[in-house]
Each structure stands twice: as C-alpha cells, then as structure tokens.
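Structure, as structure tokens:
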Amino acid sequence: MNGTEQAVREALAEVGNLDEDVTTLAADASLADAGLTSHAAVSLLLEIEDRLGIEFPPERMTPATMASIGAIVTEIEALS
C-alpha cells in the first residue's frame with residue numbers, strides 16, 4: 001500500500017461511515033456496496049483534497065472516480 005492509498009483509507013475511515021472495515025476493504029471493492037452514500041462521497045472528496053493539498057477538477061468528480069479506493073488513488077495519481 002502506498003502513501004496515497006493510506007491517505008485515502010484514513011480519510012474514508014474518518015468520513016465514509018462505511019458498513020465495512022476500511023483497513024480490510026479490497027482496493028477494488030465497490031464503495032457503494034460497502035455503504036458509501038452520495039453525501040459521504042462528497043465529504044470524502046473534500047477530506048482527501050484537504051489532506052493531500054489537491055483539488056479535483058469538476059469534470060473528474062464522477063461516480064467512476066469514487067467507485068473504489070483504487071479508482072480514487074488512480075485519479076489522485078493522474079492529478080500529480
């Protein structure tokens with residue numbers, strides 16, 4: 001697990017309100033299936049931006065971006 005994935009998992013644990021344990025959730029597991037609501041997804045996005053000092057462009061704020069931990073990490077790495 002790299003630092004970006006760790007930061008995403010920490011943010012998810014803090015604001016995601018998931019039904020599953022973030023530490024054992026597979027990187028490709030569906031966050032929607034794990035209980036991530038649309039409201040929590042917005043909170044997660046804002047928390048990630050604050051933690052990592054980045055900003056997601058509006059066109060990158062899509063359901064696909066928030067589909068899994070791996071998808072979020074991929075988007076963050078594409079912004080770097």
Side-chain angles (χ1 to χ4, degrees):
M1 177 182 329
N2 66 31
T4 302
E5 182 177 337
Q6 182 64 35
V8 170
R9 287 181 184 275
E10 290 171 0
L12 194 53
E14 186 170 321
V15 300
N17 298 318
L18 296 184
D19 300 329
E20 297 187 34
D21 181 3
V22 174
T23 61
T24 59
L25 192 64
D28 63 349
S30 167
L31 292 178
D33 289 348
L36 187 71
T37 64
S38 58
H39 181 266
V42 171
S43 296
L44 175 60
L45 193 63
L46 295 171
E47 182 67 23
I48 290 169
E49 287 181 335
D50 287 346
R51 282 177 184 257
L52 298 178
I54 61 172
E55 187 171 327
F56 285 92
E59 64 272 8
R60 303 294 277 270
M61 295 181 200
T62 65
T65 298
M66 303 303 288
S68 67
I69 292 169
I72 297 169
V73 170
T74 297
E75 285 298 320
I76 291 168
E77 290 173 348
L79 294 173
S80 301

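Since the model is a prediction, treat every value here as computed from it, not as a measurement.
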Closest heavy-atom contact between [X] and [Y]?
X   : Y   : result
E75 : F56 : CB-CE2, 4.0 Å
A40 : G16 : CB-O, 3.6 Å
A71 : A64 : CB-O, 3.5 Å
P57 : L79 : CD-CD2, 3.6 Å

Report the hydrophobic cluster partners of V42, with the cluster defined as I, L, V, M, F, W, Y residues connected by side-chain heavy atoms closer than 4.5 angstrom, directly or transitively.
L46
Atom [atom1] in [X], atom [atom2] in [Y]: separation rounded to 0.5 Å?
X   : Y   : atom1 : atom2 : answer
T37 : L31 : OG1   : CG    : 11.0 Å
E14 : E47 : CD    : CD    : 4.5 Å
S68 : D33 : OG    : CG    : 11.0 Å
L52 : I76 : CG    : CD1   : 5.0 Å

Sequence neighbours excluded, the answer for salt bridge (Lys or Arg N to Asp or Glu O under 4.0 Å) partners of E20 is none
Run the side chain to side chain donor-acceptor pair (under 3.5 Å) test against N2 and tell me which residues pass, sequence neighbours left out.
E77
For [Y], is there any backbone N or O sitting under 3.5 Å from a side-chain donor or acceptor partner on [X]?
X   : Y   : value
T65 : R60 : yes
R9  : L25 : yes
E5  : I69 : no

Using side chain to side chain contact (heavy atoms under 4.5 Å, CB included) as the criterion, point out the one residue from T23, V22, I48, I72 that pairs with L12.
V22
